Amino acid sequence: MARAQAPHRGDSAALAHWVKGLALEEGATLAGIADPRCPVEHAPQLLSWTAEGLHGPMAWWPRGDAQRLDPTSLLVGSRSLLMVALAYDGHQPQLPDWTPRISRYAMGRDYHRVIKSLLRRVVQGMERELGLVGWRACVDTAPLAERYWAWQAGLGWIGKNCLLIHPRHGSWLMLGGLLLDVELEPDTPHPARCGRCVACLEACPTQAFRGPGRLDSARCISAHTIENREDLLPPDFDPMPGKWLFGCDDCQSCCPWNRKALGASPLLAADPLLDARQLHGQWPRDDASWDELTRGKALRRMTPAMYRRNLAACGGGTGSLPSTP
Ligand code: SF4
Ligand code: SF4
């Protein structure tokens, strides 16, 4: 199908519509525009979160705060921020109680690569019609407050579980941002629709929420299994609540907005081999099968040493396990 021709550079509303169309054609589930030059409304909450040490095991987090509050510092001359979301299937199959489990987003291809590649294709589409544009793609690889900007771009609201929620796709979404030096008309932020629900705050097995939207990462399974690089986990995480080997979905699977979430993008489909291994508790015991299992997946953020530690905390750490870095 022939692509629509780009509108005139000076027509920011029509250009925004066209660029969002490019993103959707390339496989984004949702696309919206925010203005990165606007002050971050959530700045006080972001700064106090860091000041109180609620970033927990993410020791690198405070270093990015200044840039997090000013995305234009990530790309000189930024005038627009295209935010995209890709849906994945967050429903965990029925698993036996003894099986260590993996957060659903990590079951497929590495979303960093998938979304960055999508955003590069958007840039190529733009440059075919507009000539060179200045851009920078951010997919958890730069200090961009992705959820905040996705909310600003109209993709959903930030739930009490701190995640972006879309009325039809729930929170089973991975986000990416594309800073551009092209003027695009921004979308309108989405109104919050959590209402009086507190299901996520109550479902957290480690009581990691200090209040709505206030997560203490030092108490979060996801933060420890993915970001904690210490040899030993804190005592509250060994044995691991819920047998989470990598990530944790408990504050999402309870969310009413996820019950009827629409279909997932094929770009983030779960790997059937990994699904089968999880179901039968067949976790790699040697370097080669570890390497094969995690190649091209976000799961690889967990080093073999972390894998051994997490698996042991899940009760499965016997026998020889991979040793390569
Ligand atoms: S990811 Fe798990 S441990 Fe972390 S806040 Fe959500 S439910 Fe709690
Ligand atoms: S579980 Fe309820 S409070 Fe939590 S994010 Fe979902 S709708 Fe909001």
Side-chain angles (χ1 to χ4, degrees), residues 30 42 45-46 49-50 52-58 61 85 87-88 90-92 95 97 99-107 111 140 146-148 150-151 155-175 189-228 230 233-262 278 298-299 301-302 306 309-310 313-314:
L30 305 166
H42 289 181
Q45 292 97 312
L46 284 172
W49 193 73
T50 308
E52 289 176 35
L54 300 185
H55 52 285
M58 295 178 283
W61 181 273
Y88 63 95
H91 299 101
Q92 190 77 257
L95 296 173
D97 288 346
T99 310
R101 57 202 63 210
I102 293 173
S103 191
R104 293 306 292 176
Y105 83 86
M107 297 298 283
Y111 70 94
D140 275 351
E146 274 107 349
R147 292 168 202 170
Y148 172 83
W151 167 57
L155 303 193
W157 71 97
I158 302 175
K160 293 177 190 173
N161 60 3
C162 306
L163 299 170
L164 186 88
I165 304 179
H166 181 270
R168 279 180 287 118
H169 293 281
S171 63
W172 306 126
L173 296 165
M174 302 313 293
L175 305 175
H190 199 292
R193 289 174 68 182
C194 282
R196 298 168 73 175
C197 175
V198 287
C200 53
L201 310 185
E202 294 177 349
C204 176
T206 53
Q207 291 84 49
F209 291 104
R210 292 198 176 181
R214 198 77 174 161
L215 173 67
D216 181 356
S217 302
R219 297 210 49 76
C220 175
I221 294 167
S222 195
H224 280 289
T225 54
I226 300 171
E227 302 293 346
N228 184 335
E230 302 293 327
L233 289 165
D236 285 352
F237 299 87
D238 190 1
M240 182 63 73
K243 294 204 184 297
W244 285 105
L245 177 65
F246 184 91
C248 165
D249 290 338
D250 288 351
C251 55
Q252 296 195 78
S253 43
C254 65
C255 178
W257 293 98
N258 281 332
R259 276 188 213 130
K260 291 184 185 164
L262 293 179
Q278 180 178 242
L299 197 57
R301 182 159 179 81
M302 177 170 60
M306 292 164 68
R309 180 199 65 187
N310 293 355
C314 289

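First listed ligand is number 1; within each ligand, the first listed atom is number 1. Remember, predicted model here, so these are calculated numbers, not experimental data.
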- Query: Any idea how Trp157 and Trp257 line up, ring-wise: parallel (<30°), tilted (30 to 60°), or perpendicular (>60°)?
  - Reply: perpendicular
- Message: Looking only at protein heavy atoms, which one is nearest to atom 6 (Fe) of ligand 2, and what is the separation?
- Response: Cys255 SG, 2.4 Å
- Would you mind reporting whether Asp140 and Glu146 have side-chain heavy atoms less than 4.5 Å apart? yes
- Task: Using a 4.0 Å heavy-atom cut-off, say whether Ile165 meets ligand 2 through its side chain, its backbone, both or neither.
- Result: side chain
- Note on the structure: Distance col, row Arg104:CZ vs Ser253:OG, nearest 0.5 angstrom, shows 11.5 Å
- Task: Could you tell me whether a side-chain N or O of Asn228 sits under 3.5 Å from a main-chain N or O of Pro57, the two making a donor and an acceptor?
- Result: no
- Note on the structure: ligand 1 atoms nearer than 4.0 angstrom to some heavy atom of Thr206 are 3 (S)
- Are side-chain heavy atoms of Lys160 and Leu201 found at a separation under 4.5 Å? yes
- atom 2 (Fe) of ligand 2: the protein heavy-atom neighbour that sits closest, reported with distance to 0.1 Å: Cys197 SG, 2.2 Å
- Query: Under a heavy-atom criterion of less than 4.0 Å, does Pro205 contact ligand 1?
  - Reply: yes
- Note on the structure: re atom 7 (S) of ligand 2, the protein heavy-atom contact at minimum distance is Trp257 CD1, 3.5 Å
- Task: Check whether any side-chain heavy atom of Leu233 sits under 4.5 Å from a side-chain heavy atom of Asn310, and report yes or no.
- Result: yes
- Query: So, the side chain of Gln278 versus the backbone of Thr99: is there a donor-acceptor pair under 3.5 Å, distance only?
  - Reply: no
- Query: Can you check whether Ala218's main-chain N or O pairs, donor with acceptor, with His224's side chain at less than 3.5 Å?
  - Reply: yes
- Protein N, O or S atoms at less than 2.8 Å from atom 6 (Fe) of ligand 1, how many? 1
- Ranked by distance from atom 8 (Fe) of ligand 2, the top protein heavy atom is Cys194 SG, 2.3 Å
- Message: Among residues at least two apart in sequence or on other chains, which ones pass salt bridge (Lys or Arg N to Asp or Glu O under 4.0 Å) with Glu52?
- Response: Arg210, Arg214
